[in-house]
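In what follows, a structure is listed as structure tokens, so that the remarks can point back to it.
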Amino acid sequence: MSISTPATNQTVTAQERSFVFKVFKSIRQFPMLYLGALIVLALIVCAVFAPEIAHYPYQKQFMDGLTQDGQPHPPNAQFIWGADEVGRDVYSRVIYGSRVSLTVGVFSTAISLLIGTVLGLISGYFGGFIDMVIMRLTDTVLAFPFLIFCMALVAILSPSEKNVLFAIGVLGWGTMARVVRGQVLAVKEFEYVQAARAIGASSWRIMFVALLPNIFGPVMVLAALNVGSNIILESGLSYLGIGVQQPVPSWGNMIAEGLQTYQFAPWMLWAPGIALVIAVLGFNLLADGLRDILDPRNVTR
Amino acid sequence: MSNVLEVNHLQIQFKIGERYHEAVQDVSFSIRQGETLGLVGESGCGKSVTSLSIMRLLAKGTKISGEVKYGDRDLLKLSESQMRKIRGNEIGMIFQEPMTSLNPVHRIGRQIVESLLLHRGLTGKRAADTAIEMLARVGIPRPEQIAQEYPHQLSGGMRQRVMIAIAMACNPGLLIADEPTTALDVTIQAQILDLMRNLASEHRTSILLITHDLGVVAEMCDRVAVMYAGKIVEQGTVRQIFHNPQHPYTKGLLNSIPKITGERKRLQPIEGNVPSLRNMPQGCRFAPRCPHALDKCRVSAPEFFEIEEEHKSQCWLHA
Amino acid sequence: MLSFIIRRLGATVIVLFGISVLTFILIYAIPSDPARIIAGQHASLATIKEIRHNLGLDKPVPIQYIDYMGRLFHGNLGTSFIYNEPVTQLIMSRLGATVELALGCWIAELLIGIPLGIFTARRARKPSDYVVSALALIAMSLPVFWLGLILMYYFGFIHPWFPLGGNSGFTSLILPSLTYGVTGAAVYMRLLKSSMLEVMNQDYIRTARAKGAGENRIIWRHALRNALIPVITYGSIDIGTLLSGVILIEATFNWNGLGMLAYQAIQQSDIPVIMGTVLLTAVLVVLFNLLTDIVYVFVDPRIRYD
Amino acid sequence: MSDTLIEVRELRKHFPIRRGVLQRVTGHVRAVDGVGFRVGKGETLGVVGESGCGKSTMGRSILRLIEPTSGTVEFQGKNILNLSKADMQLMRRQMQIVFQDPYASLNPRFTVAKTLMEPMIVHKLHDKATRMSRVKSLLERVGLDPDYAERFPHEFSGGQRQRIGIARALTLNPKLLILDEPVAALDVSVQSQVLNLLKDLQDEFALTYLFIAHDLSVVRHISDRVLVLYLGRMAELADTDSIFSDPLHPYTKALLSAVPIPDPDVRRERIILKGDLPSPANPPKGCPFHTRCPVAAQICREQVPEWREAKQGHFVACHLA
């Protein structure tokens, strides 16, 4: 780097160029991260601006959405991705469906993350009897047939988006707690943790100020993966009819409709399914990208 | 005396990011039959990389040029399958970390038998017996029993003995020992060095000993090459290097280590830090830390100057 | 080694206890009154009260739990409210179908995942690795029920090579197994690949090279067994996911197994059946975990002699 | 002799070994087994021994980073092992530790400034500006550019990191520093820089050092007196010159003879010990060293040797010395 002449303009352009260059280099280095982030961003835009992006309200039934013999209309200029069996616009419903997926995926993960991180930190840091109790509890939660249990819980609480979110979040922290505990056990061995004790820092301070930032990376990778799998889980529950209820669209209940009609209206299967795959892929790419960044072998590159 | 190994103008480049960086630059040395050559230097000086390149064990994508002559063959020109016949057979190698250098899921006996199988075609009872014999030769008590055990059941010293048994199983002409005692305690280090010395003299095996410990060098080696930042800066017999060091780096090293005998006086450290691969200084690589550096040193890299027979040093001060 | 297994067995017992308590609490939390369900909509209060007494529902909760556990130890999971049949019998009649399906899915996962894992590890950072890895990432993102429908549409409806659902022999097993296998294999593949690459960087692989071992020997004799250790761990987690995730496959392929039984029971608040299936699945998961612990002992000598 | 700063008596740390189905305690690893010594103000006591001799555990037990099983540690006459949490917190200002691994001992997510301010924040000392100026002066004192304060550990070399670790230990103005292998992970040329720095700091701040190391030449260079540990027990304790010129314990003799000397013309009689260190979980009966001792007699197998003053200020635990 050379700072010589007072030609300030030149330095700015050089800096700009170096910034653009850096971004470009970083995209080349971590393509998955950027692709994933792009998809997730698109998903957020869809969810937030659904009324603007969708062509029609999701619950609106069109007379011309059905053919003369009462079957769903295939894609045309009016219904770009076709209509469903009661004449609603599939495209609009898919756009609105992103709201459910994103909300359930993100917030259920947030709940799991909170429970899992706190339990994992306590378990790993204190060890001994507390560790034993928390880990047996985790084993128990992990041994449960997660899907059946979610179904049962949602059935008890009555099916709704909020309850699905809650059930998935409250039951899904097992892996998170195990991973956090494993990370804590590894990081705890580092001498900087001993050094923090030597200066007299409290356990609370050590756990949240010294340890937590150091395990944050792997936990975020897991969280991103978890959002993806929770989106699938929600769609699975809705697919089985124990999730988001009609007429509110969820990609899962749209596919369930498709199950009845796929032999003569396959587009009802394609549109929500592909949306679902892309959304999940976005979070999986994000997770893989984060992992690449965090991999110390990539730092030097 | 004939040379077992001759390394000429060895150059090794690693790819970091988009660019290649020179880890080893123009390194030449030779080892005679039955002789022990010490390659000393601090971490990152390229001594381990040099030893791995002789065995061609560096990761793919590393550029190596120059010549590594073993007998009359240039190892860098051999095919991979020809090279495999050399590894473990004509050149044996032991490493720094005995704890991780043995396969955790295989029994000790099997790990020795593998060398015998690959190079001698020995199988079954004959191979097993030879393996046990090897274990006995490297001073392992109850060899029949140990052969049936797994690495994690042995201590660090024992594991290093097993590594030596593996390396020596096929009676190689050259043993490369890369920091063989660094991970061990002093009393165990003494045992291992003793063992290496005895085995080598018994079989007239040459040794390339890579280490950072000047004490180990003085004790084990006939000749020494001192490496700094990817280059050999001084080479000579062990007496020449220790009694009449010429290069400022060698002198600095010898002055900076605390001694176990003699007067206790303030140490004279070499100031500064070892340069990293990415920003190697221009000219002589030691110049930024050298107390005697001249202007010339910062511009152009010095050649070797012959001090006396066998003894040469790469420094402009001799000019 | 024996002590290790016995200790794992002990942990298993604790987990089983936890499972029974949690299930019981869950069921207790269900707001619908089983007595009312059995009695029907128009039953008198007296009838309901009598049914409640007969079911033991008027006793204190801990006593109910003890009664429940007592019956459990005699293999008695109660009687289904809907089918009016012992739950044990209902479960047994469906268990075979689910085990068959789960086994099919698991084998498909391993048959696809393990070889691809080794393949991509050996071709790391080459075009073929990038292609397979990208496909794996997509496969991982596929919801099984949707993939199932798509496969059924193409290979059952458009090209009627396989039956459109139902469990009737080997051909009907292929599509569901493949569906689950494709999505699940991606995880096995990625796990084995990264673990393989990590093992290949270990010092003992360098030792094997220094001995003169060839690439094939290094992969098969030295690396694979070490690389499989984390894969085994995942295997035990996967069995759990599989046993409950199989519901989606069963629902899609109209496969009349345990999953469908549980699904219908949940919709009809058939409490004894829900409890029975949840318990059985959990117990199976725990037993599989125990089994993997034992497999561990044979793969990793460091545990065997601990 | 100078005033005593710290006196350790009968310090023991036994780690339980849990075995079997019920994880019952079936024995103890006697990591530290009855160690006692005193260190005077401004003195450096070197502690040497091979891996597994308990020297690190001992250092950490004195600071209560590991709670010792029994014994007393008196700091200026006050037993710190039964201090309350709050009192111990105050005591921590008096005694600090420097670790071996410069890569593991600094929190990678903290800047240098944060690392050095943390002790002051925990102890609620000074305001923000004073803390920062103290950080800068500390950095300068340990030989680092104060402008480096906002950098992260990975931007530094091993030797520079170790200087940061030393600065952290000095933040609270302690009287005692426990140096746990502070130069073992450093390159030879950097090792001497750090050793010189430690000497200068000791003179400037009147520090007392407990210097734990496995490298005998380093210990000889820096220590006033030296304690030799074997299997968690004391083998020999004397001032540096007499322990190196006239070792009494056969273990000390073997240890000294095993150190390679960087001079090809010095050929010494080597005492090569047979076998490995016994497990501290199952130490030999009698003298712990008798299994490897070249001169062991019958009495060594039967009786634990007494800790006695063989010469003025020269203590040893050996029947034959």
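From a predicted model like this one, the values you see are computed outputs, not experimental measurements. By convention in this document, chain letters (A, B, ...) are assigned in the order of the sequence lines, proteins followed by strands, and residues within each chain are numbered from 1.
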- [ ] Below 4.5 Å from any heavy atom of chain B, which atoms of C/R217 appear? Answer side chain, backbone, both or neither.
- [x] side chain
Open item on the list: Heavy-atom cut-off 4.5 Å, strictly under: side chain, backbone, both or neither for C/A208 against chain B?
Closed with: neither
Open item on the list: Let me confirm one number: the CG-CZ distance from C/D203 to B/F95, rounded to the nearest 0.5 Å.
Closed with: 7.5 Å
TODO: Look up atom CD1 in C/I205 and atom CG in B/L57, then write down how far apart they are to the nearest 0.5 Å.
DONE: 12.0 Å
Taking [X] for its side chain and [Y] for its backbone only, find out whether a donor-acceptor pair lies under 3.5 Å.
X: B/H106; Y: C/R221; answer: yes
X: B/S101; Y: C/Y204; answer: no
X: C/K211; Y: B/R84; answer: no

Do any side-chain atoms of residues 11-21 of chain C form donor-acceptor pairs under 3.5 angstrom with protein atoms, and if so which ones, sequence neighbours left out?
residue, atom, partner, partner atom, Å
C/T12, OG1, C/R8, O, 2.7
C/S20, OG, C/F17, O, 2.7
C/S20, OG, C/Y65, OH, 2.6

Task: Least distance between heavy atoms, C/A213 atom then B/E114 atom - done: CB-OE2, 4.1 Å
Task: Minimum heavy-atom distance B/P104-C/N226, with the two atoms named - done: CG-OD1, 3.4 Å
Task: Any residue of residues 101-118 of chain C which, by heavy atoms, sits under 4.5 Å from chain B - done: none
Task: Interface residues of residues 160-179 of chain B facing chain C - heavy atom cut-off under 4.5 Å - done: B/M163, B/I166
Task: Interchain contact, B/I86 with chain C, by part (heavy-atom threshold 4.5 Å) - done: neither
- [ ] Could you have a look at B/Q111, B/K85, B/M93, B/R87 and say which one has the most heavy-atom pairs with chain C under 4.5 angstrom?
- [x] B/R87
- [ ] Report, as yes or no, whether the 6.0 Å neighbourhood of atom CZ on B/R126 holds more than 12 heavy atoms from other residues, nucleotides or ligands.
- [x] no
Task: Contact check, side chains of C/V299 and B/V105, non-hydrogen atoms, under 4.5 Å - done: no
Open item on the list: So, using side-chain contact (heavy atoms from CB on, under 4.5 Å) as the criterion, who are the partners of C/T179 when residues are at least two apart?
Closed with: C/V144, C/L147, C/L151, C/I249, C/F253
